[in-house]
**Q** 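Mind having a look at this structure? Questions to follow.
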Amino acid sequence: MEPFSLVEMQQATRNRGMPLEGLRYDITPSGIHYLLVHFDIPTVDESTWRVEVTGEVQRELSLSLKDLRKRPARTLPVTLECAGNGRSRMPHRVESQPWLLEAIGTAEWTGTPLAGVLEDAGVKPDAAELVFTGADRGVQGGIEQDYQRSLTVEDAMRPEVLLAWAMNGRALEPQHGAPLRLLVPGWYGMTSVKWLGRIEAVTEPFAGYQQADAYRIQKSEEDLGERVTRIRVRALMVPPGIPEFPSGHRFVEAGAVPLTGRAWCGTAPVEHVEMGVDDRWEAAELGPELGPFAWRSWSWTWQAEPGNYTLCCRATDADGNQQPLEPFWNVQGMANNYVQTVPVTVR
Ligand SMILES: Nc1nc2c(c(=O)[nH]1)N[C@H]1C(S)=C(S)[C@@H](COP(=O)(O)O)O[C@H]1N2
Ligand SMILES: [Mo]
């Protein structure tokens with residue numbers, strides 16, 4: 001792995017990954033859910049804050065948090081993953097948030113379905129997309145911008161897409177988008193715009209920086225690349241035994257070693273998970289489903305004999321997509337769902 005730069009360190013200390021032992025919880029405690037903020041966390045005054053619904057709509061709306069809370073509410077367990085998860089193990093990586101594998105978390109998000117708000121506003125038939133604008137502003141790629149992302153009208157109208165004001169039963173904390181964020185289950189995290197202040201219906205596909213330039217799987221700098229959308233299938237394990245500080249190398253006792261983890265996918269249900277010890281793969285057992293947009297637990301027992309081993313886990317979705325064994329390179333280090341490897345010493 002190439003050395004990490006000061007710029008990467010600066011991002012790594014501002015943002016935060018979920019320690020992988022957090023995979024033990026069905027619902028990630030808010031304090032260890034991963035965090036990714038591009039610019040500064042804006043301070044938003046909840047008492048005067050409103051979300052504006054504008055553009056190609058029959059009736060423009062300006063809604064306070066109180067207005068939104070009067071609407072029908074839904075609570076959904078949703079697994080969020082950053083599209084840059086796994087970026088650090090790629091050769092010639094882009095200078096960005098240097099995730100290893102921990103840009104993940106599952107929270108219970110409460111909000112009102114966006115579809116109902118859009119129905120009230122009456123999105124005009126010539127609208128192609130909705131543009132979501134956050135209250136945070138910065139410069140990226142030389143362009144000064146508000147953080148903005150779009151969805152097609154069809155994707156925005158899906159019943160699971162929420163305007164969320166609570167996480168794990170409590171009001172959103174500043175870093176997770178207080179007082180309101182968009183939540184798009186099944187999609188990589190960049191879609192779920194935090195500190196949401198404006199929703200604009202537009203007639204042309206949105207070409208802002210975070211849509212047209214960032215979040216693309218580019219084979220070269222010149223390649224426009226494919227858009228990053230839904231989460232690719234992935235499994236992670238709780239590293240077993242005890243770690244050495246600071247290397248993190250694992251030590252376990254010989255005998256029956258219970259291994260557990262989670263698997264998720266935003267394009268189809270997880271079909272199966274396998275555990276690999278060195279190069280031998282065996283099927284793990286899937287646990288109960290938490291919901292259609294949340295990770296699923298799995299378990300497997302390893303009969304461990306003294307020695308050094310590499311443990312791996314690999315998930316396959318119902319469409320037959322399987323995680324690759326090696327990271328695949330792309331300019332921005334996006335959607336890299338290669339298998340986790342955990343070196344272990346059995347004593
Ligand atoms: N306004 C705004 N929304 C944002 C971001 C941001 O920087 N600004 N980061 C996005 C990215 S890249 C991710 S992965 C998720 C992370 O959500 P979390 O920090 O609540 O886990 O928020 C998304 N929403
Ligand atoms: Mo992200």
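Order of appearance sets the numbers: ligands from 1, and atoms from 1 within every ligand. Small disclaimer: the values here were computed from a predicted structure and weren't measured. Values below: all heavy atoms of this structure, side chains included; hydrogens, waters and symmetry mates excluded.
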**Q** Test the Arg181-Trp109 pair against the cation-pi criterion, namely NZ or CZ under 6.0 angstrom from the six-membered ring centroid and within 45° of the ring axis.
**A** yes

**Q** Give yes if a backbone or side-chain nitrogen or oxygen of His176 is under 3.5 Å from a nitrogen or oxygen of ligand 1, and no if not.
**A** yes

**Q** Compute the shortest N/O to N/O distance between Leu36 and ligand 1 and return yes if it is under 3.5 Å, no if not.
**A** yes

**Q** Looking at Gln323 and Ala235, would you say the former's side chain and the latter's main chain have a donor-acceptor pair under 3.5 Å?
**A** yes

**Q** Between Lys194, Gln140, Arg16, Gln210, flag the one that comes closest to atom 18 (P) of ligand 1 by a heavy atom.
**A** Lys194

**Q** Which residue and non-hydrogen atom of the protein lie closest to atom 11 (C) of ligand 1, and at what distance in Å?
**A** Met190 CA, 3.6 Å

**Q** Compute the shortest N/O to N/O distance between Tyr215 and ligand 1 and return yes if it is under 3.5 Å, no if not.
**A** no

**Q** With atoms numbered from 1 as shown, which atoms in ligand 1 lie under 4.0 angstrom from a non-hydrogen atom of His33?
**A** 21 (O)

**Q** Pair up each side-chain donor or acceptor in residues 340-347 with any protein partner under 3.5 Å, not counting sequence neighbours, and list the distances.
**A**
unit_1	atom_1	unit_2	atom_2	d
Gln340	OE1	Met237	N	2.7
Gln340	NE2	Met237	O	3.3
Thr345	OG1	His249	NE2	2.7
Thr345	OG1	Asn308	OD1	2.7

**Q** Taking the six-membered ring of Phe4 as reference, does the NZ or CZ atom of Arg93 fall below 6.0 Å from its centre and within a 45° cone about the axis?
**A** yes

**Q** When you measure from atom 2 (C) of ligand 1 to every protein heavy atom, which one gives the shortest distance, and what is it?
**A** Tyr147 CD2, 3.2 Å

**Q** When you measure from atom 24 (N) of ligand 1 to every protein heavy atom, which one gives the shortest distance, and what is it?
**A** Ser192 O, 3.0 Å

**Q** In terms of residue, atom name and distance, what is the protein heavy atom nearest to atom 16 (C) of ligand 1?
**A** Tyr34 OH, 3.5 Å

**Q** Going by the angle between their ring planes, with limits at 30° and 60°, are His176 and His33 parallel, tilted or perpendicular?
**A** perpendicular

**Q** Name the closest protein heavy atom to atom 23 (C) of ligand 1, giving the residue it belongs to and the distance to 0.1 Å.
**A** Gly189 O, 3.2 Å

**Q** Kindly check if the number of other-residue, nucleotide or ligand heavy atoms within 6.0 Å of CZ (Arg227) is above 12?
**A** no

**Q** I want to check something: taking the side chain as every heavy atom from C-beta on, are Asn85 and Arg234 in contact at a cut-off of under 4.5 Å?
**A** yes

**Q** Is the closest heavy atom of Arg181 to ligand 1 under 4.0 Å?
**A** yes

**Q** Under 3.5 Å, N or O to N or O, is Trp109 touching ligand 1 that way?
**A** no

**Q** Determine the interplanar angle of the Phe39 and Tyr147 rings, folded into 0 to 90°, and report it as parallel if under 30°, tilted if 30 to 60°, perpendicular if over 60°.
**A** perpendicular

**Q** If you apply the rule side chain to side chain donor-acceptor pair (under 3.5 Å), what do you find for Gln140 with Gln210, and how did you get there?
**A** CA-CA 9 Å; Gln140 195 179 340; Gln210 303 295 340; 2.7 Å; yes

**Q** Could you identify the single nearest non-hydrogen protein atom to atom 1 (N) of ligand 1 and state the distance to 0.1 Å?
**A** Asp136 OD1, 2.8 Å

**Q** Consider every N or O of Glu81 and every N or O of ligand 1, then say whether any pair is closer than 3.5 Å.
**A** no

**Q** Short list, please: which atoms of ligand 1 are under 4.0 Å from a heavy atom of Val37?
**A** 7 (O)

